[in-house]
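Heads up, the thing below is written out as structure tokens.
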Amino acid sequence: MSKPLSDIDKKLISILAHDGRASLTNIGKALGITHVAVSKKLNKFIQDGYLKVQGLLNPKKFNLKLALVFAEVESPQDMQRLIENFEDCPRMTFLATLMGGFNFVAMMIAEDLNVLESITSICCIRRAKGIRRAEVMIIGELVKPPYISLKPVIEKKYKKPPCKYVDCEKCPRYLSDKCLGCPAIEGYRGWL
């Protein structure tokens, strides 16, 4: 952004952060401007890529399990491949590069502990080429924010997971019903 946010811009963002469904009229009243002016500001923020209004999910209400996976990725090429391979993964709710010993972090979501064990030990990041080491931390309670972004159900179902690191149809955990599989494949058994 070429100039700092105005007080109205900051308040608009704050209102939407609290309630993304607030009406333009109510936002306008709170800001002391018309709903048309709110609409123009909001559309400009969205079009320029500064803001996105979306539905978020409370994992606690759905009894979902979360894990953070920290990894040390060997090279910039390995990092780029890792990011590209997991870009469409419906279990990845957050991907970021880091500065330090671990240079990559992902937050993953699972329907139960069996699936969590599968995605943090057998498939996904630990199997990726170029990973020197990885550490998994299970999230006990998501305190702030209590809501997370969840990738929408992928309409086009894949034969194999989009990450290309595992084949659910050949996975012993999937075959023995200890894992529901990847939500992107045709044979997925869960509700995500």
Side-chain angles (χ1 to χ4, degrees), residues 1-5 13 17 44-57 59 64-111 115-140 142-174 179-186 188 190 192:
M1 188 164 243
S2 58
K3 61 180 183 174
L5 292 171
I13 292 168
K44 179 78 171 138
F45 276 140
I46 292 169
Q47 287 172 355
D48 291 347
Y50 291 108
L51 182 70
K52 181 177 181 178
V53 180
Q54 68 182 58
L56 300 174
L57 184 83
L64 293 169
K65 309 304 177 209
L66 300 170
L68 289 173
V69 180
F70 294 90
E72 182 181 355
V73 183
E74 289 182 11
S75 71
Q77 296 82 9
D78 292 326
M79 179 70 78
Q80 186 59 40
R81 184 176 44 255
L82 188 68
I83 291 168
E84 288 170 3
N85 285 348
F86 287 113
E87 205 167 35
D88 290 331
C89 176
R91 295 200 178 280
M92 299 288 176
T93 64
F94 177 84
L95 295 173
T97 59
L98 302 172
M99 292 184 268
F102 288 113
N103 55 2
F104 178 85
V105 64
M107 184 165 65
M108 302 173 69
I109 193 165
E111 298 86 341
V115 174
L116 188 65
E117 182 179 359
S118 296
I119 65 175
T120 59
S121 62
I122 294 176
C123 52
C124 290
I125 295 171
R126 288 183 179 205
R127 296 193 54 184
K129 183 179 181 231
I131 299 295
R132 279 195 191 122
R133 64 187 173 116
E135 187 159 337
V136 175
M137 296 185 187
I138 307 304
I139 295 176
L142 192 61
V143 178
K144 188 171 182 174
Y147 298 92
I148 59 170
S149 175
L150 183 64
K151 290 187 181 191
V153 174
I154 298 170
E155 290 181 23
K156 179 184 175 195
K157 296 291 182 177
Y158 295 83
K159 290 283 184 197
K160 293 182 181 179
C163 69
K164 303 173 190 78
Y165 290 118
V166 70
D167 183 349
C168 293
E169 291 178 358
K170 295 178 182 175
C171 175
R173 291 185 64 81
Y174 178 77
C179 184
L180 301 172
C182 173
I185 67 167
E186 292 173 356
Y188 172 63
L192 285 178

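Bear in mind the structure is a predicted one, so any value in this text is a computation, not a measurement.
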4.5 Å side-chain heavy-atom contact, E111 and L192: yes
When rounded to the nearest 0.5 angstrom, what is the spacing between CZ in R126 and OH in Y165? 15.0 Å
Are the side chains of N85 and K129 in contact, using a 4.5 Å heavy-atom criterion? no
So, does R91 use its side chain to make a donor-acceptor pair with the main chain of I109 at under 3.5 Å? yes
Give the ring-plane orientation class for F70 versus F102, where under 30° counts as parallel, over 60° as perpendicular and anything between as tilted. tilted
State, with a plain yes or no, whether a side-chain heavy atom of L82 is found less than 4.5 Å away from one of I131. yes
Given side chains that start at C-beta, do those of L64 and I148 come closer than 4.5 Å, heavy atoms only? no
Please name the residue in the list P161, P162, C163 that meets the side-chain contact (heavy atoms from CB on, under 4.5 Å) test with D88. P162
Mind listing the closest non-hydrogen atom pair of M92 and A106 along with its distance? SD-CB, 3.7 Å
If you take all heavy atoms of M107 and I139, which pair is closest and at what distance? SD-CD1, 3.6 Å
What do you reckon, is CD of E169 surrounded by more than 12 foreign heavy atoms closer than 6.0 Å? no
Is any side-chain heavy atom of F104 closer than 4.5 Å to one of I83? yes
Could you check if a side-chain atom of Y174 sits within less than 4.5 angstrom of a side-chain atom of I122, using non-hydrogen atoms only? no
Counting C-beta onward and ignoring hydrogens, is there a side-chain heavy-atom pair between Q54 and L56 closer than 4.5 Å? yes
